[in-house]
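Input: a single structure, listed below in structure tokens.
Order of listing sets the numbers, starting from 1, for every ligand and every atom in it.
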Amino acid sequence: LREKYIDLIAKAGDEAALEDLRVAAVGKKGEISLKMRELGKMSPEERQVAGPALNALKDEINAALAAKKAALADVALEERLKTEWLDVTLPGRPMRRGTIHPVSQVMEEITAIFADLGFSVAEGPQIDSDWYNFDALNIPSHHPARAEMDTFYMHRAEGDNRPPHVLRTHTSPVQIRHMEAHGAPCRVIAPGRVYRADYDQTHTPMFHQVEGLAIDRDISMANLKWVLEEFVKAYFEVDHVELRFRASHFPFTEPSAEVDIQCSWEGGVLKVGEGDDWLEILGSGMVHPQVLKNSGVNPDEWQGFAFGMGIDRIAMLKYGIPDLRAFFDSDLRWLRHYGFAA
Ligand code: PHE
């Protein structure tokens with residue numbers, strides 16, 4: 001019996017055959033188990049001899065089964081290792097990563113710079129009523145500024161008497177919404193999309209502005225000048241820059257100024273903070289008392305400045321991009337050329 005099983009176990013080709021052998025030998029009805037049951041019928045003398053012998057045989061067969069099982073597993077593993085291999089020396093397949101759009105990058109940069117200056121971010125809807133976009137900003141119905149802005153009006157069905165809505169033509173309506181909701185004092189910027197029906201090398205019907213608004217009891221244009229100077233130095237990474245305030249007119253600020261930054265164009269390359277050229281970058285002024293009133297802020301107690309800057313434009317300036325429209329063409333070759341995509 002011993003030889004039979006030890007031999008069969010050695011020859012077993014797989015785990016299933018081995019399991020059959022285990023059942024046949026030491027399973028409940030296996031040969032050895034049956035023999036053990038016969039021990040009861042033996043005389044004490046016979047049992048004393050046969051009992052230990054059977055136990056030893058059972059142990060030996062169990063050990064042989066376990067050893068063979070491990071050996072079979074080893075063989076199986078060897079087989080897998082031979083067939084399922086991976087060439088880790090193969091070069092990887094190139095994977096193109098998405099990147100942040102340059103305009104979004106610049107927007108994040110601007111937000112970070114103003115955050116350092118204590119400004120938080122305010123938001124407003126891109127479709128707004130003409131009250132927020134115009135009237136509240138002191139631009140009544142037949143004011144020429146409305147025509148100048150090439151406004152996109154939302155279509156209203158006949159009989160729909162809700163107030164007219166527009167695609168906001170600037171981020172200034174966020175001034176009103178913010179003061180209405182939070183009152184004074186405040187210090188916010190409002191970056192976002194704006195729309196005007198205009199299309200050429202430096203205009204796209206959708207573009208981006210960032211509005212600035214600071215209201216307190218004694219904010220002056222000196223504060224405006226300092227904030228803008230700090231911004232321009234941080235954004236263009238220069239230690240010094242002259243700003244030029246040119247008298248201008250906006251219905252929602254009084255006085256109003258357009259702001260130019262000192263620059264030079266050496267061989268077509270813009271250098272900010274040197275030379276004697278000037279580059280317009282934004283419109284600004286002291287918030288008109290009527291605008292404060294329209295927003296529920298008492299102009300006898302509060303005053304402050306506002307400015308509005310074209311984000312795409314200052315992105316073009318920073319990266320030397322000649323055509324604004326390319327920003328929105330989604331042409332990967334163009335984005336790669338300027339290092340905006342991998
Ligand atoms: N909203 C103005 C524009 O779009 C810019 C501006 C904002 C001017 C705030 C003054 C104050 O041209």
Distance (rounded to the nearest 0.5 Å) between Met206 CE and Arg196 CZ =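 The distance works out to 13.5 Å.
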Nearest-0.5 Å distance that lies between atom CG in Asp7 and atom CZ in Arg2 = 11.0 Å
ask   = Can Gln126 and Tyr195 be counted as having a side-chain donor-acceptor contact under 3.5 angstrom?
value =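 Distance-only check passes for Gln126 and Tyr195.
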key: Thr169 versus Asn133, side-chain donor and acceptor atoms under 3.5 Å   = yes
Min heavy-atom dist [X] to ligand 1 below 4.0 Å:
X      : answer
Phe305 : no
Gln175 : yes
Arg196 : yes

message = Check this for me: Glu19, atom CD, are more than 12 non-hydrogen atoms of other residues, nucleotides or ligands nearer than 6.0 Å?
response =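 Buried by this count: over 12 neighbours within 6.0 Å.
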Ligand 1 and [X], any nitrogen or oxygen pair closer than 3.5 angstrom?
X      : result
Gln209 : yes
Thr169 : no
Glu211 : no

inquiry  = Classify the ring geometry of Phe340 against Trp334: parallel below 30°, tilted from 30° to 60°, perpendicular beyond 60°.
reply    = tilted
At less than 4.0 angstrom from any non-hydrogen atom of [X], what atoms of ligand 1 do you find?
X      : answer
Ser284 : 8 (C), 10 (C), 11 (C)
Gly308 : 5 (C), 6 (C), 7 (C), 9 (C)
Phe252 : 1 (N), 2 (C), 6 (C), 7 (C), 8 (C), 9 (C), 10 (C), 11 (C)

request  = With heavy atoms only and a cut-off of under 4.0 Å, state how Ser172 meets ligand 1: side chain, backbone, both or neither.
outcome  =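 Just the side chain.
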query = With a 4.0 Å cut-off, would you call Lys69 and Asp14 a salt bridge?
reply =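 Between Asp14 and Lys69 there is no salt bridge, as every charged N stays at least 4.0 Å from the carboxylate O atoms.
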